Amino acid sequence: MDVNTSLFLSVNDFARASPWLHGPLTAYANDAVVLFAALLLAGWWIARRGDDQLRMAAALWAPLGTLIAVAVNQPIVALFHEQRPYDTLGGILVLATPTTDPGFPSDHATMAGAVAAGLLLVNRKLGLVAVLAAALMAFSRVYIAAHYPLDVAAGLLLGAGVTLAGWLLLRRVMIRIVQAVERTRLRPLLVATPPAPRA
């Protein structure tokens, strides 16, 4: 038995032994996208109050990088076309709603990894919260038998990698966009303090 399957079965055994977690972790695995959206909103709010163009550029890049990471993941999923645990293993506990979509890399984990990496660029404390939320997302997807551990690990790495690589490439562009928007009527969306009066 390979390590990936062995790890999955260990988590599945834990799921069998922890029925009190079925409801919360199933809900988190399926619906925590709302939490990650809220974290991105918090990143924007923190950057806006800080009056820091670099931080605001990162806050705007975080959701954009997440969308790009999920988009990049789609052809990879189609290329590998890996089956999910409930398609390949018999006698396991399945809490996920079965789907015909391939499982590698995990879309949910890709999204979570991208958000976590993006928010680490904005604010360290908020980023660490997002890292913990991403780790829980990855675990919960395995817990409900929607994915193998390798599926979610690859998703986390892909999401974080795309976001960080994109930031390195586009950081200056994002800063210029912030600078340009701050000179328009949309400035209050990016900066909490009013502009200094002209002499």
Side-chain angles (χ1 to χ4, degrees), residues 28-80 101 104-138 140-141 151-199:
Y28 188 85
N30 293 327
D31 302 323
V33 173
V34 176
L35 170 63
F36 286 92
L39 289 171
L40 288 171
L41 188 61
W44 162 77
W45 184 255
I46 289 171
R48 180 178 176 272
R49 291 174 62 85
D51 195 9
D52 183 327
Q53 291 179 342
L54 179 62
R55 183 169 289 186
M56 177 53 73
L60 296 179
W61 169 251
L64 182 58
T66 299
L67 291 175
I68 293 172
V70 173
V72 167
N73 192 47
Q74 299 311 301
I76 298 175
V77 169
L79 176 65
F80 284 95
D101 295 338
F104 176 89
S106 162
D107 280 331
H108 284 77
T110 299
M111 174 277 301
V115 171
L119 290 179
L120 281 170
L121 298 171
V122 178
N123 179 273
R124 186 170 179 270
K125 289 182 179 179
L126 182 64
L128 290 176
V129 171
V131 167
L132 292 175
L136 182 58
M137 169 61 81
S140 69
R141 297 297 293 175
D151 300 345
V152 295
L156 290 174
L157 291 174
L158 176 65
V162 169
T163 297
L164 294 177
W167 174 246
L168 290 176
L169 290 172
L170 300 173
R171 176 177 56 189
R172 291 182 180 178
V173 174
M174 295 301 299
I175 293 172
R176 290 194 191 103
I177 291 173
V178 169
Q179 291 170 342
V181 173
E182 284 186 359
R183 293 192 291 269
T184 72
R185 293 181 179 181
L186 297 177
R187 175 185 168 87
L189 293 175
L190 305 186
V191 183
T193 57
R198 294 181 180 180

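Model, not experiment: these values are computed from the prediction.
- Judged purely by atom type and a 3.5 angstrom limit, W167 has no side-chain atom pairing as donor or acceptor with the backbone of V162.
- For the residue pair V152 and A138, the shortest heavy atom distance occurs at CG1-O, 3.6 Å.
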Practice item. Under the side-chain contact (heavy atoms from CB on, under 4.5 Å) rule, what do L186 and L189 come out as? Steps first, then yes or no, please. Key: CA-CA 6 Å; L186 297 177; L189 293 175; 3.9 Å; yes
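- We find the NZ-CD1 distance between K125 and I46 to be 10.0 Å, quoted to the nearest 0.5 Å.
- Between P105 and V77, the shortest heavy-atom contact is O-CG2, 3.4 Å.
- Of all non-hydrogen atoms in Y28 and S140, the two that sit nearest each other are CD2-OG, 3.8 Å.
- The shortest heavy-atom contact between V72 and P75 is O-CD, 3.2 Å.
- For the residue pair A47 and V122, the shortest heavy atom distance occurs at CB-CG1, 4.4 Å.
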Practice item. Go through L40 and V115 one step at a time and tell me if the side-chain contact (heavy atoms from CB on, under 4.5 Å) criterion holds. Key: CA-CA 7 Å; L40 288 171; V115 171; 3.9 Å; yes
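- To the nearest 0.5 Å, the span separating CG on L121 from CG on L54 amounts to 8.5 Å.
- Distance alone, capped at 3.5 Å, places no donor-acceptor pair between the W61 side chain and the G166 backbone.
- Side-chain contact between M56 and I175 is absent, with no heavy atoms from C-beta onward closer than 4.5 Å.
- For the pair T163 (side chain) and A160 (backbone), a donor-acceptor distance under 3.5 Å is absent.
- Formation of a donor-acceptor pair under 3.5 Å by the R48 side chain with backbone atoms of P188 is found in this model.
- We find the NE2-CG distance between H108 and D151 to be 13.0 Å, quoted to the nearest 0.5 Å.
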Practice item. Test side-chain contact (heavy atoms from CB on, under 4.5 Å) on R187 and V181 and set out the steps. Key: CA-CA 6 Å; R187 175 185 168 87; V181 173; over 6 Å; no
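- Note that CD1 of I76 and OG1 of T110 are 8.0 Å apart. Values are rounded to the nearest 0.5 Å.
- Counting heavy atoms from C-beta on, the side chains of L67 and V70 never come closer than 4.5 Å.
- Rounded to the nearest 0.5 angstrom, D52 CG and N123 CG are separated by 11.0 Å.
- One finds the CG atom of L39 at 5.5 Å from the CG atom of L126 (value rounded to the nearest 0.5 Å).
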Review point. Going through the distances and angles, do M174 and L60 end up as a side-chain contact (heavy atoms from CB on, under 4.5 Å)?
Key: CA-CA 8 Å; M174 295 301 299; L60 296 179; 3.9 Å; yes
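- Pairing each heavy atom of A29 with each of R141, the nearest pair is O-NH1, 3.2 Å.
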